[in-house]
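Notes follow the structure.
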Number of protein chains: 2
Amino acid sequence: MATDPARTLALLWRVEQPAGTRGPRRGLDLDDVVARATALADAGGPDGLAGLSVRALARELGVAPMTLYTYVPGREELAALVVDAAYAAMPRRDTSGLGWRERLTAVAEENLALHRAHPWAARVDPGRPVLGPGETAKYEHELAAFDELATLAGLDDVDRDAALTFLLDVTRAAALVEQHTADTGDAGAWWAARAPVLEQVLDPGRFPRAVRVGAAAGAAQQSARDPDRAWRFGLARVLDGLAALIG
Amino acid sequence: MATDPARTLALLWRVEQPAGTRGPRRGLDLDDVVARATALADAGGPDGLAGLSVRALARELGVAPMTLYTYVPGREELAALVVDAAYAAMPRRDTSGLGWRERLTAVAEENLALHRAHPWAARVDPGRPVLGPGETAKYEHELAAFDELATLAGLDDVDRDAALTFLLDVTRAAALVEQHTADTGDAGAWWAARAPVLEQVLDPGRFPRAVRVGAAAGAAQQSARDPDRAWRFGLARVLDGLAALIG
DNA sequence: CCGTACGCTGTACAACGTACTCCGTACAGA
DNA sequence: TCTGTACGGAGTACGTTGTACAGCGTACGG
């Protein structure tokens with residue numbers, strides 16, 4: 001694999017070289033390839049993007065595996081395209097004019113919706129930016145939501161970025177927990193399979209808080225009444241923490 | 001693979017059935033296997049745990065690949081053992097008696113140290129608890145750091161868990177960003193490889209904030225002066241957000 | 001009308017996890 | 001002391017992965 005960053009970026013932004021007109025016409029469209037890959041990843045559950053295989057995608061597209069390599073340099077670049085396309089497809093509420101708390105809440109909700117639509121998105125390494133058009137548009141939109149807060153709190157650009165990262169981190173983490181409880185399905189079965197060993201081993205004398213709090217948190221997460229209490233807790237804490245920056 | 005949760009838990013807690021005394025003695029120690037696996041994962045960088053292979057570990061231990069399957073049911077369980085061992089090995093400062101801000105800061109710093117020692121630890125899915133002795137001890141220790149805050153703010157057990165999750169999420173996210181800038185190594189080279197395309201494509205008219213803030217944040221992360229500013233920002237926000245719960 | 005650039009594919013290789021089968025060891029019971 | 005058997009370990013093999021390479025056929029530029 002080349003893994004040439006410039007080539008990957010050119011692919012993401014669709015600024016490939018003209019690609020001479022000789023030979024047979026392409027049978028596929030890059031956007032179709034990415035759309036099908038996204039569907040496959042979605043079908044693959046939380047690890048759908050990691051589990052996305054070139055061969056499976058080729059089968060889906062009715063094409064030989066190696067054919068995909070004329071569209072995309074390799075698996076890694078394909079994943080980047082899928083991620084960026086998901087970012088590009090996010091609905092972005094126009095919240096200009098609203099208060100900063102509402103704007104930040106909207107951003108958080110949009111990201112929560114993303115993670116619900118594409119469970120694998122929560123496993124994308126946030127430390128490795130894709131720098132594609134989708135991610136850039138998302139970044140621009142979300143930074144705009146901080147306009148009022150940045151003014152009120154006197155945030156410079158570095159802090160504005162940190163504040164956004166802060167908000168997204170908490171949202172992603174909440175999505176991961178939510179997915180786990182959803183995957184678990186029958187919560188009783190999950191615990192039932194583990195209880196025999198845990199009862200033998202989780203000594204309330206050694207781990208008083210862990211046993212008590214773990215049981216409470218586990219029960220709360222699985223209660224249908226309050227599925228996203230941790231999420232709302234985190235969001236409220238984020239907003240309060242940022243509010244403390246204001247004068 | 002069996003992937004029997006009870007078997008995995010028994011393995012983690014070392015409460016395997018006695019295992020009759022017939023036949024040759026075991027040539028390896030499970031703890032050694034896990035220690036070597038940890039070393040291999042550490043050497044593998046950020047994706048070291050995902051990239052840890054049974055064959056490579058067997059080679060390292062001077063043993064046939066299949067031999068490892070008499071110690072561990074499969075790759076997944078091996079990974080769980082590695083993770084739990086890393087949690088178990090974390091130094092845990094005794095901060096009882098200190099103020100809650102100091103105690104929470106200590107917890108955050110311990111986790112940051114973990115992520116620095118084992119970059120792969122930041123990629124462990126926090127939604128899928130391992131429930132081993134290491135994780136349990138870590139959980140107990142960290143919950144204890146919230147004792148004073150829970151009293152002052154009237155946190156119930158569910159909120160206490162959520163608050164801890166909140167703190168750890170922000171820490172993990174900061175570690176991921178830090179790792180990225182560390183991996184990047186020569187920051188100039190990273191940007192240089194991407195600049196030609198980005199300059200062509202990042203229109204400051206379309207993405208005014210993204211271009212401006214992105215540049216500032218990128219520069220700040222790579223400045224040696226202020227490597228963990230985002231981390232301290234996040235931690236301060238967490239503490240302020242939690243402080244708002246008091247009275 | 002040809003040469004050539006290009007889309008596409010079949011084959012092949014290295015690496016992976018792990019199921020199955022066998023071998024030799026060393027203890028339990030006689 | 002002898003023997004049956006439980007058990008640790010290893011060799012082989014299968015199906016999977018990403019992708020390098022070489023060839024084939026198509027359709028346009030000259």
Side-chain angles (χ1 to χ4, degrees), chain A residues 1-4 7-8 11 16-34 36-37 40-41 43-45 47-82 120, chain B residues 1-4 7-8 11 16-34 36-37 40-41 43-45 47-82 120:
Chain A
M1 63 186 139
T3 335
D4 172 22
R7 173 131 160 61
T8 305
L11 202 63
E16 294 281 85
Q17 65 278 16
T21 165
R22 298 280 184 86
R25 249 154 255 163
R26 321 212 66 166
L28 298 172
D29 185 42
L30 180 55
D31 291 324
D32 288 349
V33 173
V34 174
R36 292 281 203 142
L40 266 184
D47 298 321
L49 190 60
L52 175 64
S53 85
V54 174
R55 293 172 128 99
L57 178 57
R59 208 178 309 129
E60 196 75 14
L61 291 163
V63 116
M66 287 312 292
T67 299
L68 294 182
Y69 285 85
T70 63
Y71 292 84
V72 156
R75 215 198 80 99
E76 210 164 325
E77 289 81 0
L78 175 66
L81 282 163
V82 169
W120 45 262
Chain B
M1 63 186 139
T3 335
D4 173 21
R7 173 129 160 61
T8 305
L11 201 63
E16 294 282 84
Q17 64 276 18
T21 164
R22 300 279 185 85
R25 250 152 253 163
R26 321 212 68 166
L28 298 171
D29 185 43
L30 180 54
D31 291 324
D32 288 348
V33 172
V34 174
R36 292 281 202 142
L40 266 184
D47 299 321
L49 190 59
L52 175 65
S53 85
V54 175
R55 293 172 128 101
L57 178 57
R59 210 177 308 128
E60 196 75 14
L61 291 163
V63 117
M66 287 312 294
T67 299
L68 294 181
Y69 285 84
T70 62
Y71 292 84
V72 156
R75 216 199 78 100
E76 210 164 327
E77 289 81 358
L78 175 66
L81 282 163
V82 169
W120 45 261

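In what follows, chains are A, B, ... by sequence order, proteins preceding strands, each numbered from 1. Excluded from the calculations below are hydrogen atoms, water molecules and symmetry mates; all remaining heavy atoms, backbone and side chain alike, are included.
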Identify all side-chain donor-acceptor contacts of residues 50-68 of chain B below 3.5 Å with residues at least two apart in sequence or on another chain.
| unit_1 | atom_1 | unit_2 | atom_2 | d |
| --- | --- | --- | --- | --- |
| B/Ser53 | OG | B/Ala56 | N | 2.9 |
| B/Thr67 | OG1 | B/Ala64 | O | 3.3 |

Exercise. Begin from the C-alpha positions of A/Thr70 and A/Leu28 and carry the test side chain to side chain contact (heavy atoms under 4.5 Å, CB included) through to its verdict.
Key: CA-CA 10 Å; A/Thr70 63; A/Leu28 298 172; over 6 Å; no
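Here the CG atom belonging to A/Leu78 is positioned 11.5 Å from the OG1 atom belonging to A/Thr8, to the nearest 0.5 angstrom. Of the inter-residue distances, the one linking B/Asp29 atom CG with B/Arg36 atom CZ reads 12.5 Å to the nearest 0.5 angstrom. From B/Leu11, atom CG reaches atom CZ of B/Arg7 across 6.0 Å, with rounding to the nearest 0.5 Å.
Computed from coordinates, the B/Asp29 CG to D/dG9 P distance equals 12 Å when rounded to whole Å. Rounded to an integer number of Å, the gap from A/Leu30 CG to C/dG7 C1' is 15 Å. Remark: P of C/dT18 and OH of B/Tyr71 are 18 Å apart, rounded to the nearest angstrom. Between the P atom of C/dG10 and the CG atom of A/Leu68 lies a distance of 13 Å, rounded to the nearest Å. Taking atom CG on B/Leu28 and atom P on D/dG9, their separation rounds to 6 Å, with Å as the unit.
In plain terms, the two heavy atoms of A/Thr3 and A/Glu77 that are nearest each other are CA-OE2, 3.5 Å.
Contact check, B/Thr67 against D/dG8: no side-chain N or O comes under 4.0 Å of OP1 or OP2. Between D/dG9 and B/Thr70, a contact under 4.0 Å exists linking OP1 or OP2 to a side-chain N or O.
Put simply, the side chain of A/Tyr71 never gets that close to the backbone of A/Val33: no donor and acceptor are under 3.5 Å apart.
Near DNA chain C, meaning a heavy atom under 4.0 Å from it, residues 48-61 of chain A has A/Arg55 in order of number.
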Practice problem: Indicate for each nucleotide in nucleotides 20-30 of chain C, in 5' to 3' sequence, whether protein heavy atoms under 4.0 Å reach the base (B), only the sugar-phosphate (S), or nothing (-). | Solution: B---BBSBS--
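Among the nucleotides C/dG17, D/dG18, D/dG9, the one closest to any side-chain atom of B/Arg75 is C/dG17.
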